[in-house]
Structures are given as structure tokens and as C-alpha cells.
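Numbered from 1 within each chain, the chains take letters A, B, ... in sequence-line order.
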Protein chains: 2
Amino acid sequence: MVTAKARTNEPRYAQVAADLRAAIAAGDFGEGAQLPTESTLCDRYGVSRFTVREALRRLQSEGLIRRRRGSGTVVDTIGQVLRQPLSDVAELLQYAAGSVFNFDVLGPMVMGEAQAALLGAAPGSRWAHLSGIRTLSPGGPPVAVTDVYINADLAGHIPALQPGSQTLFEQLSASAGFQIGRIDQDIRAIAAGSREAAALAISRRAPVLQIVRVYRDASGRIVEISVSAHAGDRFAYSMHIDHG
Amino acid sequence: MVTAKARTNEPRYAQVAADLRAAIAAGDFGEGAQLPTESTLCDRYGVSRFTVREALRRLQSEGLIRRRRGSGTVVDTIGQVLRQPLSDVAELLQYAAGSVFNFDVLGPMVMGEAQAALLGAAPGSRWAHLSGIRTLSPGGPPVAVTDVYINADLAGHIPALQPGSQTLFEQLSASAGFQIGRIDQDIRAIAAGSREAAALAISRRAPVLQIVRVYRDASGRIVEISVSAHAGDRFAYSMHIDHG
DNA sequence: GTCCGCAATATGTCCGGACAAATTGACGGG
DNA sequence: CCCGTCAATTTGTCCGGACATATTGCGGAC
């Protein structure tokens, strides 16, 4: 038993995972980067194979290790390179920086059937509807037109929202004091409708990139939904995954 | 027992997951989209709780369902398009769950001026050209058409490439033994050309989602470039991030 | 020396059981 | 009617065991 772990109420697999994570970072597994077998880890930490596998599953989902039946578990260098960007929520919101967002508050609304199915919200739920346009610089050509739906419970915080480079969600989080639980983002290609065509100065049926984001707090409640339409020839969603 | 499963050597949790995935897409869980409890699913499929939980774990990692202790499991999805999951970094290099990728090797080619500008490669550089189609199931409707360009230096490893659960890039990395330095990914909306229209069975000028990925090794050499075109109404690029 | 086959090894799949912790709704007291 | 308590429900954690399947290396046949 190497554990030496305190009596935290953290699950045991999390403690094992943390210990292995530190060992990997310290290079304790040497050149081949071969980890001990599951049964060895069971003995070492004094836990069952279930707990060891759950810990290894976490590390694998983080991209730290690679496992192969019959062969063993090794440190995965590819995963280390990719780890940082996707574990950082700020990275997801990164594209907002450097552009300017101006919006109008359109007032309260109730989610209809079709809209609810598209956005993943409950039909009949109540929201505050905002509409805005994002530009690269003040007065510049429009890059995207965005509809924002904010949970009616948070309507009191809407007057405090300010246009600028900070996202509405960041302002809401700070103002209302909730904790972020999960962000879902869907990107698809659709044909421009009349609204997008007019706002972006493109022709109808032109391809636009639609980004739907659903923000949830820690309890799973949907805090905000945003639907952005970007002109296909003026915008590319770009992810750069760097080493170092 | 609802299984009706065949004598496939597919794991049971995968069969359960596939069945639940289809049921979710068909809307079998009604208004609240509340799934049966784990023990109910155990009885229904005649499997242990381990198998049910493994199946639900897959669906959760795909972003299809949301689970809360004490509360239950609910459908958490928008529409029934194929979603490329990005819940963790390991999945960035994985194929979309439940889809099939087949490709042909078209032979060597030299990068032209216009293409080089679009893809970020050097004009006049030499590549091996592969072309593939991704479907939801063998013989099913096409979801995406993909062009892959592999550095001519690695042409010797191409005959060993196989369609299956691993990406071409993963196979190349293991076969040639290089380390990844950087991945760039651009996502944009474009209008379908004649090639995409024919391959995806859609009309010309229909919106398609184009994903361009550039893989570099540690020394900065471009190893592989892939250009995928996804039918706008059949595919959404989806990512979700659990925070804590 | 080379190649084939086998056995040892390691992870994957699956079972049954047990208890813990969070949620929800019903019940009862104020 | 409001609110706190409690019990039932449901998912999370954890155990021990069993067999399946992919990989690897060893030794024997040639």
C-alpha cells in the first residue's frame, strides 16, 4: 500500500488517478513509459480491479495513457499534446475575444415546440430573448448574427449586461454567482433564411455556419442558449492545438 | 428480454447502447425524455447492471443523455443528426460512434497553387491522395465525403492502412513512429460542388460543413491533411465540456 | 537460423452483490 | 398553507470472481 492518502471523501479511484497522474508527470515510468499492470496496481494501492480500472479510464479519457488488450498500458505522448485546450472552458469561448458584440433586449418569450426541439430546451419554458450582431471592429461589417435566450430566473441580471468583448455568459456567471456545469456546442451548416440574409448582407440560401451553445450550471439547469449564424465565406471556426 | 441480438461478437453493452440510441432517436421515451432506471434496463435486456452502465456510459460520453444521482437519466440531445463527440481529448482522434469509413487509394499527386493556399501546404509538394466516404451503417446513406493527403515520405505505410475503428492518422503514427507536434482544424460552411453533391446525394449549392485538418509532427512537417464535407442536415459537429 | 504453435500475460467483458450518497415526494406538525 | 423530516428511489462507488480475447515471447520442429 502506497496510498498515504488522507481520509478525504474523494472516491478512491480519483485518488489513484491523481497519484498515477503525478507519477506520469514526474516520469516515474521511465523510457518505455510502461505502466504497471492492473493487478499490480491493485496490490500497490490495496483496492479492487474495479477501482484501478476506473482510475485508468479517467487517465485514458484525458488522453494521458493508451491501453491495448494483451499488451499493457503506456503513457501516450499524443494525448499530452492535446490535453490542455479541450479541458479549458475558456478555450471554447476564445473566439469571442477580439470581436465586438452589440445586442438589443427583445423581452420575455416562451419556447415553442419547434424551437424547443432545435435548442434542447423544455417546450413552454420561459426565457428572455436578446438579439445581437457581432463585428470584428466597431462599425465594421457583420460577422455573425446571434439570438440569445437567458433563463427567465436570471432576468433580473439582464439590465447589468454590457456590450463589449466579454461574453454574456461570463457576465451572467459573475453577476448571478452560479457555477458552470457543462457547455454543449453544436456546429452545423444550414442555408441562410431571410433574417440571416438581411443581417449578414448575403443572399438567401447561401451557406451559413450555425453554432448553438447550451450553457448549464452545476445542477444541470440551462442558464443560457445562444444561436449564432456566421456567413460561410467570412468565417471559419478554427482550432489550433499546439505543443507547449 | 427485447434484445433480438444476433450471434455477433459485438459486446453486449454495445448492442444495448445501439438499441437505446435508436430508441432515443425514435423518441420512444416521450415528453420528459426520461429513460428507464438501470434495474429496469437490466430486466428488459436480461443483462447485469455492469453491462447497462457501460452502455449508458457510452451514450453519456456521446452527449446523448444526462445522468444525476438520485434523479435518473434523461435524453439530452438536439435532433437526430450524427454528432461527433468531443467530450474528451481521446475522442478527437476517434471516428464518430456507429459510423463506417471506407476509402480508396487514388495514387500520388502534386499540390497545385490554389489547393496549396486552401490547405496550407507548399505548392509543388508531393502527396498520396486517398478518398473515402463515411456512412451511418454499411450500405446506409452517406454522411461525409473525405479527401486525405498523406505526405509522400510516408507512402510506404499506406498499404497497411485499414478501415476500422482507428483513424488513418493514428495508424500512420503507430506505423511510422513519429510524434505529433500540432493539429490545426478549420470548420466552415460552404456550398456543395458537383463532387460533394454527387457523393452525398444532395443538390448542388446545398450547405455542407467542411472540416479541414492539418496534422504536423514534432519537427513541423505536415504529415497528413484531411478535408471532409458533411451534409448539413445530417451532421453536426458537437462538443461538450464537463466542468468539475 | 527460421518459422510455427503454444503458453503466459494483460486488458476487455460480464456477473452478482453490497453499501453510499443525492434526489424526490409523501407525510405530518406548526 | 408552509416547512421540516423521513423513506423510497436512483445513480455512484466498490468488491470478488469468472471467462474471453489480443499480444508477446519462448521453445521446438524443420
Pair A/Ile150, A/Trp127 - check side-chain contact (heavy atoms from CB on, under 4.5 Å), show working. CA-CA 5 Å; A/Ile150 296 176; A/Trp127 305 81; 5.6 Å; no

A/Leu20 vs A/Leu41, test: side-chain contact (heavy atoms from CB on, under 4.5 Å). Steps then yes/no. CA-CA 10 Å; A/Leu20 291 174; A/Leu41 292 173; 4.1 Å; yes

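Atoms OH and CD1, from B/Tyr215 and B/Ile222 in turn, are 13.0 Å apart once rounded to the nearest 0.5 Å. To the nearest 0.5 Å, atom OG1 of residue A/Thr73 and atom CD of residue A/Gln34 are 7.0 Å apart.
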Just by protein heavy atoms under 4.0 Å, how would nucleotides 10-16 of chain C read 5' to 3' in B, S and -? BBBBBBS

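Of the possible donor and acceptor atoms, one in the side chain of B/Gln15 sits under 3.5 Å from a partner among the backbone N and O of B/Glu10.
If you measure from atom CG of B/Leu41 to atom P of D/dT10, you get 11 Å, rounded to the nearest angstrom.
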